[in-house]
S.K.: 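Encoded as structure tokens, here's the structure I'll be asking about.
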Amino acid sequence: MTGSVLSLGLPAAVPAPGLPEQVRIHEVGARDGLQNEALPLPVEVKAEFVARLAAAGLRTVEATSFVHPKWVPQLADAEQLMPLLADLPQRYPGLRLPVLVPNERGLDRALSHGVTDIAVFASATETFARRNLNRSLDESLEMFAPVVARAAAEGVRVRGYLSMCFGDPWEGPVPLPQVVDVARRLLELGCDELSLGDTIGVATPGQVTALLEGLAGAGATADRLAVHFHDTYGQALANTLAALRFGVATVDASAGGLGGCPYAKSATGNLATEDLVWMLHGLGIRTGVDLEALAATSVWLADRLGRPSPSRAVRALTGG
């Protein structure tokens, strides 16, 4: 039953040297997670999901995407969802509700709802840029330039996602200098934060460390970076720990391990937020997250999706 182990004081908090004292979890389940579901959930369920995540202590919850419904039909109700979330920042001080925007039209739609945070989605490889954005890598960055500039002028915080940082299902291993170059260009556009994506889950800790070292050499400090790992080969937590040791203190995760990538079929679920929180709390790292409430939220959503949560921590804590 949920809480039976937690009530015993587990996981035992044993700090390790050289790690951040606090980690900000960038929760992506409501966007990156739900966009990969076969069928859309009712907008009221999505709104309650976001509210439950906030109630569990998460203070960055990516709410939805203003991509054209033709490309991501699961999130076609963004216009209806945002008003249902409007009171959450008042109820949960410090809560941020980023939204993904693909272009200036998406930015217009997002700004009409008073958003304070947006994200743009770029690729480190040419093939994925063309398949995902229908543009070359250079053309995609040119498309994002006015989006980032306008958002900054409006006082909106901008996150850049960089996918395929470690491996590409068409191109194979991605050369480190190539990733560093695209990352540098995104930051120079004006992104406040850059999330490094292991889109198909093939990264290993050595790769993670090498990339972070390469980025540091190009002037990208750890405080402007986040990591986004998929758990395809069971490496997401190990890769996260490698990033923490480098000083990265923002980690993307998805409640219950929801998600994948609709444009990369070999991508499986994101790192489960509950699995991440278990590890972080065991390392004595503060997250502000109530693990019991979060696991209950993932069970609640799994019931509505009609299948159990793939998160190991959720299953262990709830018996589900």
Side-chain angles (χ1 to χ4, degrees), residues 11 16-20 22-29 32-33 60 62 121-125 128 159-169 171-176 178-180 182-183 193-217 220-261 264 266-285 287 289 310-313:
L19 299 181
Q22 183 170 354
V23 161
R24 178 174 65 88
I25 297 174
H26 189 105
E27 172 60 48
V28 300
D32 192 17
T60 306
E62 199 159 285
F121 193 87
S123 171
T125 66
F128 190 63
R159 158 181 266 226
Y161 279 106
L162 185 57
S163 59
M164 301 297 173
C165 288
F166 302 95
D168 179 287
E171 298 183 17
V174 185
L176 188 149
Q178 178 176 320
V179 181
V180 170
V182 182
E193 178 178 85
L194 182 63
S195 176
L196 306 169
D198 180 22
T199 314
I200 57 173
V202 295
T204 56
Q207 273 186 297
V208 173
T209 301
L211 176 56
L212 292 172
E213 288 175 344
L215 288 166
T221 53
D223 62 315
R224 295 187 68 187
L225 301 176
V227 288
H228 184 118
F229 295 118
H230 287 229
D231 206 31
T232 313
Y233 296 95
Q235 302 297 296
L237 284 176
N239 291 332
T240 298
L241 186 55
L244 296 175
R245 286 175 173 153
F246 202 86
V248 174
T250 300
V251 180
D252 298 2
S254 177
L258 291 172
C261 177
S266 56
T268 56
N270 291 290
L271 168 61
T273 311
E274 294 84 357
D275 297 5
L276 173 64
V277 170
W278 181 275
M279 182 184 78
L280 294 177
H281 288 183
L283 289 166
I285 297 173
T287 66
V289 175
S311 165
R312 293 180 182 178

S.K.: Would you give the length of the straight line joining atom CG of Leu241 to atom CG of Leu280, rounded to the nearest 0.5 angstrom?
M.R.: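 The CG atom of Leu280 is 9.5 Å from CG of Leu241, to the nearest 0.5 Å.
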S.K.: Show the atom names and distances, to 0.1 Å, of all donor-acceptor pairs under 3.5 Å that link a side chain in residues 250-259 to residues at least two apart or in another chain.
M.R.:
from, atom 1, to, atom 2, distance (Å)
Thr250, OG1, Arg24, NH2, 3.4
Asp252, OD1, Arg159, NH1, 3.1
Asp252, OD1, Arg159, NH2, 3.0
Asp252, OD2, Arg159, NH1, 2.8
Asp252, OD2, Ser195, OG, 2.8
Asp252, OD2, His228, ND1, 2.8
Ser254, OG, Leu258, N, 3.4
Ser254, OG, Leu258, O, 2.8

S.K.: Tell me every residue that passes side chain to side chain contact (heavy atoms under 4.5 Å, CB included) with Ala183, counting only those two or more places apart in sequence or in another chain.
M.R.: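 Expected list: Leu162, Leu194, Leu215.
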S.K.: Looking at residues at least two apart in the chain, or sitting in another chain, which of them share a side chain to side chain contact (heavy atoms under 4.5 Å, CB included) with Leu176?
M.R.: Val180, Ala210, Leu211
S.K.: Using distance alone, with no hydrogens and no angle criterion, decide if Asn270 and His230 have a side-chain donor and acceptor under 3.5 Å apart.
M.R.: yes
S.K.: Are the side chains of Val248 and Leu212 in touch, meaning some heavy atoms are under 4.5 Å apart?
M.R.: yes
S.K.: Between Val174 and Cys165, which heavy-atom pair has the shortest distance, and what is it?
M.R.: CB-O, 4.2 Å
S.K.: With sequence neighbours excluded, tell me which residues meet side chain to side chain donor-acceptor pair (under 3.5 Å) with Ser123.
M.R.: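 Expected list: Thr125.
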S.K.: Determine whether a donor-acceptor pair (N or O, by modelled atom type, separation under 3.5 Å) exists between the side chain of Asp231 and the backbone of Leu271.
M.R.: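 It does not hold such a pair.
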S.K.: So Val227 and Asp198, do their side chains get closer than 4.5 Å, heavy atoms only?
M.R.: no
S.K.: Looking at Ala203 and Phe166, what are the two nearest heavy atoms and their distance?
M.R.: CB-CG, 3.5 Å
S.K.: To the nearest 0.5 Å, tell me how far Glu193 CD sits from Asp223 CG.
M.R.: 9.5 Å
S.K.: Mind checking side chain to side chain donor-acceptor pair (under 3.5 Å) for Glu62 and listing every partner two or more places apart, or none if nothing turns up?
M.R.: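 Side chain to side chain donor-acceptor pair (under 3.5 Å) check on Glu62 returns His26, Arg31, Tyr161.
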S.K.: In chain order, what residues pass the side chain to side chain contact (heavy atoms under 4.5 Å, CB included) check against Ala313, with sequence neighbours excluded?
M.R.: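 For Ala313, the residues satisfying side chain to side chain contact (heavy atoms under 4.5 Å, CB included) (neighbours in sequence not counted) are Glu274, Asp275, Ser311.
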S.K.: Taking side chain to side chain donor-acceptor pair (under 3.5 Å) as the definition, give me every residue that meets it alongside Thr204, ordered by chain and number, with sequence neighbours left out.
M.R.: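 Thr204 satisfies side chain to side chain donor-acceptor pair (under 3.5 Å) with no residue once adjacent residues are dropped.
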S.K.: Apply side chain to side chain donor-acceptor pair (under 3.5 Å) to Thr273 and Glu27, showing your working.
M.R.: CA-CA 7 Å; Thr273 311; Glu27 172 60 48; 2.6 Å; yes
S.K.: Nearest heavy-atom pair of Thr199 and Met164: which atoms, and what distance?
M.R.: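 Between these two residues, the closest heavy atoms are OG1-N, 2.8 Å.
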S.K.: So which heavy atom on Ile200 is nearest to which on Thr232, and how close?
M.R.: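 Smallest interatomic distance, heavy atoms only, reads O-OG1, 3.0 Å.
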S.K.: Can you sort out the partners of Ala216 under side chain to side chain contact (heavy atoms under 4.5 Å, CB included), two or more places apart, ordered by chain and number?
M.R.: Phe246
S.K.: Might you point out which heavy atoms bring Gln178 and Ala124 nearest each other, and give the distance in Å?
M.R.: NE2-O, 2.7 Å
S.K.: Would you say the side-chain atoms of Gln22 and Thr287 include a donor-acceptor pair closer than 3.5 Å?
M.R.: no
S.K.: The criterion is side chain to side chain donor-acceptor pair (under 3.5 Å); which residues satisfy it with Asn239, sequence neighbours excluded?
M.R.: none
